[in-house]
Amino acid sequence: MVPKELLLLGDRPVLHHALDEAAGSGFAAALVVLAPWKRPLVERYLHVAGAPLPVAVVEQPEAAGIGDAVLRAAPIAGDGFGILLPDDVVLGREHWAALRSDESTPGLCFRTVPPGETHRFGIGRVRLGMVQELVEKPPPGTAPSQLAIFGRYWATAAVVEALLRRAAAGELGELELTYGFASLAAQGSPVRAVMFAAEIFDCGTPEAYLESQARWYARPR
């Protein structure tokens, strides 16, 4: 079995594209959160292929959600850090400049999706560049907007603290990263919204991956 992180898009795995994005956006190092069985395979790849910046691996013993993965990395990452989900490969870097323009304030990227797809994503209500509300995968017809969260975030200690409170509550199910930002927005704390409109190579599902492969090879060089 091949870890999703090592699926090829062009001549490089999606993980390598993510590390290239991080390095090209001014990050000094990266933490990769993995299931234990993936660790030796990913570390072997990184040893052989090299990486564009220093990389450390953090294990997530169970698939307990992206919020749980962030909590496992946060003690190493520090007070402010970027979060990048490698399922979506992008070539631009401008979104990170916007997300990091005020590193004391958390922020996340949004993109517009069709009304019939809002139930698949975290959806935000945004006013004047600030998040007013976040809803994780709202039932069809109930979404507050068509702005879907895109997997690029700037997290602060306040986001981590909100996730810790949710984890301490002991609720069943995965710990969603969205909650950390939604909790702050609900309290009236500033959460910045960055619009993302560049091309995305979605590798999150088999169908999307095949379509992205075709677009990747057809793109202008």
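Every heavy atom of this structure was used, including side-chain atoms; hydrogens, water molecules and symmetry mates were not. Here the structure is a predicted model, which is why all the values come from computation and not from measurement.
- Expressed to the nearest 0.5 Å, how far OH of Tyr153 lies from CZ of Phe81 amounts to 12.0 Å.
- For the residue pair Ile123 and Ser145, the shortest heavy atom distance occurs at CG2-O, 3.3 Å.
- Of all the heavy atoms in Leu19 and Ala51, the pair that sits closest is CD1-CB, 4.2 Å.
- Neither Ile200 nor Leu147 shares a network with the other; the hydrophobic side chains, linked directly or stepwise wherever heavy atoms of I, L, V, M, F, W or Y lie under 4.5 Å apart, form separate groups for each.
- Nearest heavy atom pair, residue Cys203 against residue Val14, reads SG-CG1, 3.8 Å.
- A donor-acceptor pair under 3.5 Å is absent between the side-chain atoms of Gln132 and the main chain of Val126, judged by distance alone.
- A donor-acceptor pair shorter than 3.5 Å can be found between the side chains of Thr178 and Glu136.
- Within a 6.0 Å sphere centred on CD of Gln187, heavy atoms belonging to other residues, nucleotides or ligands number more than 12.
- Val57 is connected to Met1 through a chain of hydrophobic side-chain contacts under 4.5 Å among Ile, Leu, Val, Met, Phe, Trp and Tyr, so both are in one cluster.
- Contact record, Ser183 with Arg165: OG-NH2, 4.0 Å, taken as the closest heavy-atom pair.
- For the pair Arg39 and Trp37, the cation does not sit on the ring face, since its NZ or CZ is not both under 6.0 Å from the ring centre and inside 45° of the axis.
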**OP:** For side-chain hydrogen bond (donor to acceptor under 3.5 Å, both in side chains), just list the numbers for His95 and Glu21, CA-CA rounded to whole Å, side-chain angles, deciding distance to a tenth of an Å, and then say yes or no.
**Re:** CA-CA 11 Å; His95 51 288; Glu21 180 182 340; 2.8 Å; yes
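- From Ser104, atom OG reaches atom CH2 of Trp154 across 10.5 Å, with rounding to the nearest 0.5 Å.
- Residue Asp79 places its CG atom among 12 or fewer non-hydrogen atoms of other residues, nucleotides or ligands, all under 6.0 Å distant.
- Of the possible donor and acceptor atoms, none in the side chain of Ser212 sits under 3.5 Å from a partner among the backbone N and O of Tyr209.
- With hydrogens and angles ignored, the 3.5 Å screen pairs a side-chain donor or acceptor of Thr142 with a backbone N or O of Pro139.
- Judged by distance alone, with hydrogens and angles left aside, the side-chain atoms of Arg100 form no donor-acceptor pair with the main-chain N or O of Gly82 at under 3.5 Å.
- Classification of Asp20 and Arg12 as a salt-bridged pair holds, one side-chain N sitting under 4.0 Å from a carboxylate O.
- Both the sub-6.0 Å distance and the 45° axial angle are not jointly satisfied by Arg111 relative to the ring of Phe196.
- What you find for Leu184 and Pro106 is that their closest heavy atoms are CD1-CG, 3.9 Å.
- Rounding to the nearest 0.5 angstrom, the gap separating the CD atom in Glu199 from the CG atom in Asp202 is 11.5 Å.
- Looking at Gln60, its side chain does come within 3.5 Å of a backbone N or O of Gly65 through a donor-acceptor pair.
- In this structure, Leu85 CG and Ile66 CD1 are separated by 4.5 Å, a value rounded to the nearest 0.5 Å.
- Side-chain atoms of Arg93 come within 3.5 Å of backbone atoms of Leu91 as a donor-acceptor pair (strictly under, hydrogens ignored).
- Atom-to-atom distance recorded for Asp68:CG and Leu177:CG is 11.0 Å, nearest 0.5 angstrom.
- Taking CG of Leu15 as the start and CG of Asp87 as the end, the distance is 11.0 Å to the nearest 0.5 Å.
- Residues Pro190 and Thr105 share a closest heavy-atom pair of O-CG2, 3.5 Å.
- Under a 3.5 Å cut-off, the side chain of Gln213 and the backbone N or O of Leu8 do form a donor-acceptor pair.
- Sequence neighbours left out, the pairs with a member in residues 96-126 that pass ring pair (Phe, Tyr, Trp, His ring centres under 6.0 Å) are Phe27-Trp96.
- Results of the side-chain contact (heavy atoms from CB on, under 4.5 Å) test with Phe201 over Glu211, His17, Arg219 single out Arg219 as the only residue that passes.
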